Every structure is written in structure tokens, then in C-alpha cells.
Visitor: 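I have a structure I would like to understand better, so I am pasting it below and will then ask my questions one at a time.
Fair warning: this is a prediction, and the values are worked out from it, not measured in the lab.
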Amino acid sequence: MAGEPILEIRNLRTEIELTSTVVHAVDGVDLYLNPGETLGVVGESGCGKSMTGLSIMRLLPPGGRVVGGEINFAGRNLIELGDDELRRIRGNDIAMVFQDSLTALNPTMTIGRQVAEPLRLHRHMAKAQAMARAVEVLDLVGIPRPTERLDDYPHQLSGGLRQRVLIAMALACEPKVLIADEPTTALDVTIQAQILELLDRLKAELGMAVMLITHDMGVVAGRADRINVMYAGKIVETSGTRELFEHMHHPYTQALLASIPQLDQDTSTRLFSIPGIPPDLADPPPGCRFAPRCRLATDHCRSNEPPLSGVTPGHLAACWYPVDGPLERPPAELPSQAIAANGSRPVLLEITDAVREFPVGNPLLPFLSPGSVKAVSGVSLVVREGETYGLVGESGCGKTTLGRMIVALEKPDGGKLRLKDTDIATLRGGRLRRTRRDLQMMFQDPYASLDPRMRVGNILSEPLVVQGIGDRRSRNARVAELLNEVGLPPNSVDRFPHEFSGGQRQRIGLARALILNPAVIVADEPVSALDVSIRSQVLNLMKRLQAEHNLTYIVISHDLAVVKYLSDRIGVMYLGRLVESGSGDDIYNRPAHPYTAGLVATIPIPDPSLERGKQIAAVRGELPSSINPPSGCRFRTRCPRAQQKCADEVPALRPFGPAHLAACHFPLQEPA
């Protein structure tokens, strides 16, 4: 990595002109990228990290333009180049992997044409030659049977395969610099691990320099050589990876790392959270932009902008009062009800052999139908009053379908779902409506689940109106009470959902779930769309409200660290079946099922030593089709311990300790 940087940015300033204002998205950024190195760029949403990458590529959104600075690549300032000259570099010497593979790929073009396109444009290859190279690149990124995939369209591929196609397109011309903008955000932890390993391998084979843009500190801990931390359009700290994690100097870096739930987190204590929200970049505050949220800020910080400086050239921070090392603070205890033992609590919800299948094809021509999606296949579990039961697994494992069955949004094809003494599956009409008071749901996307044409006051009071509870005055009082409980101002009742931040919208979703005083709340990925700082605020809020109202949660998430922090017991689902259940310590420290162990091994740990020293192999391969799942144990096609018995017999759940069950013929531990 010695020698001149391959890419160097000096005082980059990018603005986005809106109808009535100008957003200063990137404001004086300096960074460099050495040949063969991975540079991590981290920070909250809206901090300018993606806009920095788009500025390098000159692919800014409408109204966006670079207004100052230099972007030097191979001795040339890219800002000064004309469009034709820039096109010869973009996609050829500098390539980008975009965040959302489904929207980044052209839905009307085949995979083969899209991968071959940069080769035909930049290398002037004939069609046959470009297609042959496309097959090579698809094989390089690990796509099975690449020749057969050339005529597929993006919608025919899974999320993991689409992301590999994006990487193949970026690598087709063997660029010198690869900008990976949140390349694994929308993926399961298992596929995320495969994509990150793929980028590491390709970087080594092709000698590329990689700019890895992400909000996940665990990802950069395991992959980056250096890290730049961004806040409100500026670099606030830059350092080597180990140095940053062990001796961070900026309070924002310190707070960002402290906000992340760790696997060894004490679940009886509150998570640290950064107060407030990032500033509006259309009107940024004077002085240090982090000062309004910083516990160390003084009047000097609020009026004077600190320079990016440090004792050593390799570790710089923009702070008047730098810190040294991770945040140490006395743990704040949660209310005792939230951590009380729940073994003696009464059973509130009992699910027995639940089955849900969705037919595929034309219902008028069933003989042409390829079958049905086996979403949930014989799941049984028990949830006690006042506890939190976590459901984890990859996308497509059936956890959301099971959650929708619990709140009666899906009708089971078989089995029983009992809330106390009532079988939810048999209810109809008025009885079902009344029972739904006790069954509420927090949806994954807080914006899409809120009616954009209704004010928040009407959104929250609507369930009371539907259930015929109270008059207008009492309903308004209940809405005001709930807004106060979830930490929103009283004037929120007159505002629309789009006027709130993501974290505030999730608080509105939680308030709507609480409005009828339910017995059970199914929280489907309640914090997946939030930054780590806002996520910790919502998790603390959920724990506090559970203690105050004796709530029972069923938390569905692919973030295993979040589930471990929230849950008393955890169930692991794979392709429609429950393969293991137990306490957090059982699942994370003593897993019996190979799938569970593989899931845990894929969790990015925000500690360079631990993340780079992992020994357990993660889950490999793609999830099989739920239309035609494997016989016997459904995990056997990806399991390193599979034998013929796994194909012939469906394994039954067996005990491996108190309340610890797993369904495996060849488990990692001996059964109890």
C-alpha cells in the first residue's frame, strides 16, 4: 500500500438544489485510497457517505452538482473532465456496486446483456466475445451454472444472486477502484457474509482498491484497512481500523460504537443511545455539527468548527475535546418486570402444528400449477405472558407468515393457534374483530404501514373508532397519553407521516400497536430500517413499555444481536420449520443445530480481533425453493454434517437441556 494514492479527494463539496433550499450533502471532505486497500466509510443515514461515492462517479441525483474541490484519479481531476472523457473512466477504471440490486438492475434486460454491456462499451468487444466474458465473470462471482443464467431476468434471481450480478457488472472491465455502497444492506446475514468474502477474494485476485460504504461497524471491523467516520457531510475521524476501535478520539465514533447491541450485552441494562437526530444539511449548525448531541460539548464547540487534526498523521479527529477509547458508563438498569423470571408465568399463546401454504400459478388451471409455497410447515411453540419470544432465520423461512397468522392476518391451512382459551383460526366476524384488540402488529416499514393521507392523531385513534371504544374526548386523551409514552410531542397529532424521521415513524407504529392495550404485539423487523443510534432508542423504549404494561412481544428479525438483547427465548426457523428453540445463551453459546451455529458465525462483530479470528464456518449456498423443499431435513443441502438419513427422515425436535429443543439427526451436542 506504499506509494501514491490511486484516488485522492480534496475539499470535496457537493450540493443538491431542491425547490426552496440547497442541501450541503458533502461539505469539505478529504480522503484518499491506496492501491489494493479497503477503505471503510461509516456513519448514520444522511451523513454524506453515499453522496461522496456518487460524486466520484458523477452520478448525482437531479439537482445535485459538485461545487468545489478535487477528485484526482491517476493524475487527472475528474471534476474537470467532460462527459465523454468521464464515461471512458466510469465503469472501466472506477466501478460502483449499488445498494439496492433490484432497482439498480434493468428489469427489461437479461442478465447476460447487462453484464456484457460495459464490455461492449469500454472494450468494444463483439457480442459473442462479450457474452463469453460475461459467463467468466458470473462464474468468478460464484453464480452457479452461469451459462444458464444469461437469459434470466433480475426478478428471477434471489437477492444474493442479484447482488453477485451487480458485482459481476462492476468487475467486468477489471477496474482499479471499486466503490461498494452498502453492498449487503438488504441481504440476510448468511448471504452478507458470502458477498463480503467474495469482495475480499476478488480484491486480492484483481488487485483492486475498494471503498466500502456501510453503516455496519461490524462489517468494517472485519474488512477495512482504514476507516473514515462521516457526520453531517464531513469527515470527523480517520484512522487505521484497529486503532479506531481501540482508541477512537471523536465522541461521535465512541457513541456510534456504544449504541450497537453486542452478543454479550447485559439484557438487564439499557442500551446507550445518541440523543436527538442529525442536523438538517440545508441549514447546518455553526461550530461542531455534532455539538447539539454531544455530552462533552461546550459553548466553544457550538460556535467554532474544529479542524481535522491529531498527534499522528494516521489518526485524525475533528474535536476540541477528544476522547480515547470506547465509552465507559455505568449501566442503567431496566425496570425489574422486564427481567423477571418467566418460567412460572401462564401460557398466553400456544401454536400447535401450524401450516400455511400459498398456491402458485393460475387457480382456474390447477393442473398447470407448479405447486404451492410451503411457508410454514408444522410449527409448534408456546409463548408465556409478559415474555419476549424472538423468531430468527433467513428471508423466506416463514417467520413473517407465522407472525401474520398469530395476528389473524393469515388463516392457517392446518394446526391450532390458541390465545388463552380461544382458537384464533376458527374466529369470524365480530368475535374476530373483538379478539384483534389483543393481537397487534408493528410492521417492518413504518412509512409504508402508515396512511400518508391521514394525520397522526387520526391514525392512532382509528382503532378505537373501529372497536367502538370511548367518545372523541376520551380517544383524544388516549392518543395524547400514548404520544407522551413513546416520546413524541403533543403537536404530532396534526402532522402527516412524511413529516417525521424513520425513528419517529417507528414510535408512531408502536403507539398504534399499543392503543388498544393488547396482550400480544408481533414486531416484524421493528428496527431494521433505522440507524444504530435511533435503533437503540427504540429498543430501550420497547423494553420500558413491556415492563410498564406487562406486554408480550414476538420479535421477528434477521438481526441476531437485536433478538438476543430483546428476547427471553428464541426460535430459529429454516424453510418453514422450527429447527431450534431455547434461551439466548442456548442459541448463541450452545447451539445444537448446524444451521443455528452457522447463523451465529455470520453475525458481524464490531471488534477487529474477534471478527477476523472467527473459526466456525458460516452457512454456505442459497436457500432452496420453498415450492419444492428438500426431503427429510430441509437444511441438508447446505449442511456439512448431512448424511443419507437426513434425506430419508424428517428430524423431530429433541431436548438438549431445560427448554432447549433442536431438530437434527447429527447435532453439535448430545441430546439431554
Visitor: Would a distance-only check, ignoring hydrogens and angles, find a side-chain to backbone donor-acceptor pair under 3.5 Å from S631 to A647?
Guide: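 Checking the backbone N and O of A647 against the side chain of S631, a donor-acceptor pair under 3.5 Å is found.
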Visitor: Whether the side chain of R569 engages the backbone of E387 through a donor-acceptor N/O pair (distance < 3.5 Å, no angle test) should be reported.
Guide: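 No, R569 side chain to E387 backbone: no donor-acceptor pair under 3.5 Å.
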Visitor: Is there a side chain to side chain contact (heavy atoms under 4.5 Å, CB included) between M131 and M125? Walk through the geometry before answering.
Guide: CA-CA 9 Å; M131 283 296 184; M125 289 185 179; over 6 Å; no
Visitor: Give a yes or no on whether a salt bridge exists between R223 and E611, defined as a side-chain N under 4.0 angstrom from a carboxylate O.
Guide: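 Answer for the salt bridge query: yes.
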Visitor: Rounded to the nearest 0.5 Å, what separates atom CG in L610 from atom CD in Q262?
Guide: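 It comes to 9.0 Å.
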Visitor: Counting N and O atoms only, with roles assigned by atom type, does the side chain of K420 sit under 3.5 Å from a partner on the main chain of L348, one being a donor and the other an acceptor?
Guide: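 Side chain of K420 to backbone of L348: no pair is present.
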Visitor: Which atom pair, heavy atoms only, marks the closest approach of P144 to L161?
Guide: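 Closest pair (atom of P144, atom of L161, distance): CD-CD2, 4.0 Å.
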Visitor: For atom CZ of R418, decide whether the heavy atoms of other residues, nucleotides or ligands shown that lie under 6.0 angstrom number more than 12.
Guide: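 Yes, enclosed.
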Visitor: What residues form a side chain to side chain contact (heavy atoms under 4.5 Å, CB included) with P608, not counting sequence neighbours?
Guide: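 For P608, the residues satisfying side chain to side chain contact (heavy atoms under 4.5 Å, CB included) (neighbours in sequence not counted) are A221, T241, R242, F245, R612.
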Visitor: Among side-chain atoms of S626 and R634, is any donor-acceptor pair under 3.5 angstrom?
Guide: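 Not at all, the side chains of S626 and R634 share no donor-acceptor pair under 3.5 Å.
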Visitor: Do S259 and L271 have side chains that get closer than 4.5 Å, going by heavy atoms?
Guide: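 Not in contact.
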Visitor: Could you tell me whether a side-chain N or O of Q194 sits under 3.5 Å from a main-chain N or O of V619, the two making a donor and an acceptor?
Guide: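 Side chain of Q194 to backbone of V619, a donor-acceptor pair under 3.5 Å: yes, one is there.
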Visitor: Show the nearest heavy-atom pair for residues A513 and P518, with the distance to one decimal.
Guide: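 Result for this residue pair: O-CG, 3.2 Å.
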Visitor: Roughly how far apart are I556 CD1 and L391 CG, rounded to 0.5 Å?
Guide: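 With rounding to 0.5 Å, CD1 (I556) is 5.5 Å from CG (L391).
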Visitor: With no hydrogens and no angle check, is any side-chain donor or acceptor of H665 less than 3.5 Å from a backbone partner on E649?
Guide: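 Yes, the answer is positive, given that a donor and an acceptor are paired below the 3.5 Å cut-off.
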Visitor: So K543 and Y565, do their side chains get closer than 4.5 Å, heavy atoms only?
Guide: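 Touching, per the 4.5 Å side-chain cut-off.
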Visitor: Evaluate whether atom CG of D200 has more than 12 neighbouring non-hydrogen atoms of other residues, nucleotides or ligands under 6.0 angstrom away.
Guide: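 Counting other residues, nucleotides and ligands, CG of D200 exceeds 12 neighbours.
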Visitor: For the NE2 atom of H558 and the CG atom of L599, what is their distance to the nearest 0.5 Å?
Guide: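 Answer for the NE2-CG pair, H558 versus L599, is 11.5 Å.
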Visitor: What's the separation between atom CG in L138 and atom OG1 in T147, rounded to the nearest 0.5 Å?
Guide: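 Separation between the atoms: 9.0 Å.
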Visitor: So, for D423 and L417, which heavy atoms are closest and what is the spacing to 0.1 Å?
Guide: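 Nearest pair, atom of D423 first, then L417: OD1-O, 3.2 Å.
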Visitor: Using the side chain to side chain contact (heavy atoms under 4.5 Å, CB included) rule, take L166 and R162 through it: C-alpha gap first, then chi angles, then the decisive distance, then the call.
Guide: CA-CA 6 Å; L166 273 184; R162 282 198 300 268; over 6 Å; no
Visitor: Restricting to pairs with a member in residues 201-223, which pass ring pair (Phe, Tyr, Trp, His ring centres under 6.0 Å), not counting sequence neighbours?
Guide: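 Matches after skipping sequence neighbours: none remain.
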Visitor: Is the H660 ring parallel, tilted or perpendicular to the F656 ring (thresholds 30°, 60°)?
Guide: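 Tilted.
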Visitor: Please check: side-chain N/O of E580 versus main-chain N/O of A592, any donor-acceptor pairing under 3.5 Å?
Guide: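 At least one qualifying donor-acceptor pair exists.
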Visitor: So T103 and F98, do their side chains get closer than 4.5 Å, heavy atoms only?
Guide: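 Side chain of F98 against side chain of T103, heavy atoms only: no contact under 4.5 Å found.
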Visitor: Is there a donor-acceptor contact under 3.5 Å from the side chain of D524 to the main chain of F443?
Guide: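 Judged by distance alone, no pair lies under 3.5 Å.
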Visitor: With the side chain counted from C-beta on, respond yes when L566 and Q546 share a heavy-atom pair under 4.5 Å apart, and no when they do not.
Guide: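 Side-chain contact under 4.5 Å: no.
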Visitor: R577: what forms a salt bridge (charged side-chain N to carboxylate O under 4.0 Å, His left out) with it, not counting sequence neighbours?
Guide: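 In terms of salt bridge (charged side-chain N to carboxylate O under 4.0 Å, His left out), with neighbours along the sequence ignored, R577 is linked to no residue.
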Visitor: Using side-chain heavy atoms (C-beta onward) and a distance below 4.5 Å, is I406 in contact with V383?
Guide: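 Side chain of I406 against side chain of V383, heavy atoms only: no contact under 4.5 Å found.
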Visitor: With D607, which residues qualify under side chain to side chain donor-acceptor pair (under 3.5 Å), at least two apart?
Guide: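 Result, side chain to side chain donor-acceptor pair (under 3.5 Å) vs D607: none returned.
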Visitor: Check for a donor-acceptor pair, side chain of Q114 on one end and backbone N or O of N106 on the other, with a separation under 3.5 Å.
Guide: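 Pair found, side chain donor or acceptor close to backbone of N106.
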Visitor: Just wondering, do V165 and S101 contact through their side chains at under 4.5 Å, heavy atoms?
Guide: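 Contact flag for S101/V165 side chains = no.
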Visitor: Apply side chain to side chain contact (heavy atoms under 4.5 Å, CB included) to M169 and L105, showing your working.
Guide: CA-CA 10 Å; M169 290 174 61; L105 293 171; 3.5 Å; yes
Visitor: Without swapping roles, check the side chain of R641 against the backbone of F666 for a donor-acceptor pair under 3.5 Å.
Guide: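 Yes, R641 side chain to F666 backbone: donor-acceptor pair under 3.5 Å.
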Visitor: With side chains defined as the heavy atoms from C-beta onward, is the minimum distance between T110 and Y153 less than 4.5 Å?
Guide: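 They are in side-chain contact.
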Visitor: Salt bridge check, E117 against R120: does any charged N sit closer than 4.0 Å to a carboxylate O?
Guide: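 No salt bridge links R120 with E117.
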Visitor: Any side-chain heavy atom of L349 sitting closer than 4.5 Å to one from Y389?
Guide: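 Not touching, per the 4.5 Å side-chain cut-off.
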Visitor: Starting at OG of S449, measure out to CD of Q506 and round the result to the nearest 0.5 Å.
Guide: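 It is 7.5 Å, given to the nearest 0.5 Å.
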Visitor: Not counting sequence neighbours, which residues clear side chain to side chain donor-acceptor pair (under 3.5 Å) with Q643? List them please.
Guide: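 Not a single residue meets the side chain to side chain donor-acceptor pair (under 3.5 Å) criterion with Q643.
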Visitor: Taking side chain to side chain donor-acceptor pair (under 3.5 Å) as the test, write out the residues that go with E197, two or more places apart.
Guide: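 In terms of side chain to side chain donor-acceptor pair (under 3.5 Å), with neighbours along the sequence ignored, E197 is linked to R620.
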Visitor: Closer than 3.5 angstrom, by distance alone: can the side chain of E37 be matched with the main-chain N or O of A209 as a donor-acceptor pair?
Guide: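 Pair absent, no side-chain N/O of E37 close to backbone of A209.
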Visitor: Can you give me the closest heavy-atom contact between M442 and P526, atom names plus distance?
Guide: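 Looks like CE-CB, 3.9 Å.
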Visitor: Which heavy atom of S395 sits nearest a heavy atom of K399, and at what distance?
Guide: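 Shortest heavy-atom separation between S395 and K399 comes out as N-NZ, 4.1 Å.
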Visitor: Give me the atom names and distance for the closest heavy-atom approach of V563 to S557.
Guide: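 That closest heavy-atom pairing would be CG2-CB, 3.6 Å.
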Visitor: Could you walk me through whether F635 and V579 pass the side chain to side chain contact (heavy atoms under 4.5 Å, CB included) test, one step at a time?
Guide: CA-CA 9 Å; F635 183 61; V579 298; 5.9 Å; no
Visitor: When rounded to the nearest 0.5 angstrom, what is the spacing between CG in L178 and CG in L199?
Guide: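 If I round to the nearest 0.5 Å, the distance is 6.5 Å.
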Visitor: Answer yes or no: is there an ion pair linking D568 with R384, defined by an N-O contact shorter than 4.0 Å?
Guide: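 Result for this pair is no, no salt bridge flagged.
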